[in-house]
Participant: 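Supplied in structure tokens, the structure appears directly below.
One-based numbering, in listed order, for ligands and for the atoms of each. Hydrogens, waters and symmetry mates play no part in the numbers below; they use all other heavy atoms, side chains included.
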Amino acid sequence: SAGTPQLRKAVAAKLERDNGIKVSPEQVIVSCGAKQSVYNSMQVLLDPGDEVILVAPYWMTYTEQIRLAGGTPVVVHADAADGFLPDYQKIKDAVTPRTKAILINSPSNPTGAVWPRETIKQVAALALRHGLWIVTDEIYEKLIYGGTTHVSIASLSGEVADRTITINGCSKTYSMTGWRIGYAAAPLPVAKAMSNLQDQVTSNPTTFAQMGAIVALQLPSESVESMRSEFEARRDLIVRLLREIPGVSLEAPHGAFYVLPSFAGVLSGKIRTDFDLADYLLEKVHVATIPGAVFEAPGHLRLSYATSRADIERGVARIAEALQQLPT
Ligand code: PLP
């Protein structure tokens, strides 16, 4: 139920090679997507009333999964002006006697923020000081731009690794979203609990998808690099085009494949909120966006650039055109 021995071995080898994390195959739990790995983590770590600190704007699955496990999300806010980078002081101030874990998602969905090494080190020290767990979702690790580096918190020391669940998967790096293969690496007792839980919920991830994942994890890095560099060109394109629209502002994100621009400068009249604007763009010019409020980023819209440059150009041109005709 925790995955085939071959894939667990391939994941352990990948974590050592790419992330500097030393784990045995027994510490690896393969799941039906990283989403299930996050779910398993919350279910095994949390007791009712336990608090989990996370940084907004966040992937909304996290807060729901924390609640499903009886926990309470404690949200600290990152500022658009800082490129949505987390403020360590706010994380530190959010710790209470009920804090059980800190959740890291770097690079982030929806902001594309990549946490600096210094912040990661500070959070690790904080977790050790208070005996907290660290859950780190690193699914966008390979999609980083502008020479930024990804730091896996579990690589900092054995002590930190003993408090950390590292989550990753094949959906983003290899575009294998529909295959549903994610994984977690955790200290042995936690890994065993996750395996026991999963055994009663979904049994095992699909066997032939696991065989595909073994091949993916062993692909030469150039095969991922060509996709990464194309994403970087798309990021540069979408950021440039959006900045040309009056009333729209954003910092260039350093990872993942989303931008979260502020549209606060155009909200007025009948289009007062990001929800109104997302509906308007969908109906008027058939451009799908996600209202920022669902990530606790009101006034923003999330746009994905996991699409061709031609579609990015067409989509942003349509947004610009629609904004010129906003109903009053
Ligand atoms: N983690 C983050 C931050 C994501 O954005 C997503 C997908 O959108 C996932 C996990 C889900 O990954 P998977 O397809 O492996 O369940």
Participant: Which of these, Asn109, Asp137, Asn168, Thr177, has its nearest heavy atom closest to atom 5 (O) of ligand 1?
Facilitator: Asn109
Participant: Identify which of Lys172, Arg180, Lys35 has a heavy atom lying nearest to atom 8 (O) of ligand 1.
Facilitator: Lys172
Participant: Which of the atoms of ligand 1 are close to Asn105, meaning less than 4.0 Å from one of its heavy atoms?
Facilitator: 3 (C)
Participant: Hey, can you tell me if Tyr140 and Phe257 have their rings parallel, tilted or perpendicular (30° and 60° cut-offs)?
Facilitator: perpendicular
Participant: Is it the case that over 12 heavy atoms from other parts of the model lie below 6.0 angstrom from the NZ atom of Lys35?
Facilitator: no
Participant: Side chains of Thr111 and Ser108: any donor to acceptor distance under 3.5 Å?
Facilitator: yes
Participant: Using distance alone, determine whether Tyr140 and ligand 1 share an N or O pair under 3.5 Å.
Facilitator: yes
Participant: Would you kindly say whether Ser31 and Gln198 are connected by a side-chain donor-acceptor distance under 3.5 Å?
Facilitator: yes
Participant: Test of understanding: clusters of I, L, V, M, F, W, Y form through side-chain heavy atoms closer than 4.5 Å, transitively. Do Tyr174 and Phe231 belong to the same one?
Facilitator: no
Participant: Can you tell whether the side chains of Glu232 and Arg235 come within less than 4.0 Å, N to carboxylate O?
Facilitator: yes
Participant: Got a salt bridge between Lys14 and Glu141, using NZ or NE/NH1/NH2 to carboxylate O under 4.0 Å?
Facilitator: yes
Participant: Report the part of Thr61 (side chain from C-beta onward, or backbone N, CA, C, O) that has a heavy atom under 4.0 Å from ligand 1; answer both or neither where that applies.
Facilitator: neither
Participant: Is there a polar contact, in the sense of an N or O pair closer than 3.5 Å, between Ser171 and ligand 1?
Facilitator: yes
Participant: Looking only at protein heavy atoms, which one is nearest to atom 15 (O) of ligand 1, and what is the separation?
Facilitator: Ala34 N, 2.7 Å
Participant: Does at least one non-hydrogen atom of Gly182 fall below 4.0 angstrom from an atom of ligand 1?
Facilitator: no
Participant: Give me the nearest non-hydrogen protein atom to atom 9 (C) of ligand 1 as residue plus atom name, then the distance to 0.1 Å.
Facilitator: Trp59 CH2, 3.3 Å
Participant: Hey, mind stepping through Glu159 and Arg163 against salt bridge (Lys or Arg N to Asp or Glu O under 4.0 Å) and telling me if it holds?
Facilitator: CA-CA 7 Å; Glu159 243 185 323; Arg163 304 298 305 173; over 6 Å; no
Participant: Answer yes or no: does an N/O atom from Ile139 fall short of 3.5 Å to an N/O atom of ligand 1?
Facilitator: no
Participant: Side chain or backbone of Trp179 under 4.0 Å from ligand 1, or both, or neither, by non-hydrogen atoms?
Facilitator: neither
Participant: Measuring from the heavy atoms of Tyr62, does anything fall under 4.0 Å of ligand 1?
Facilitator: yes
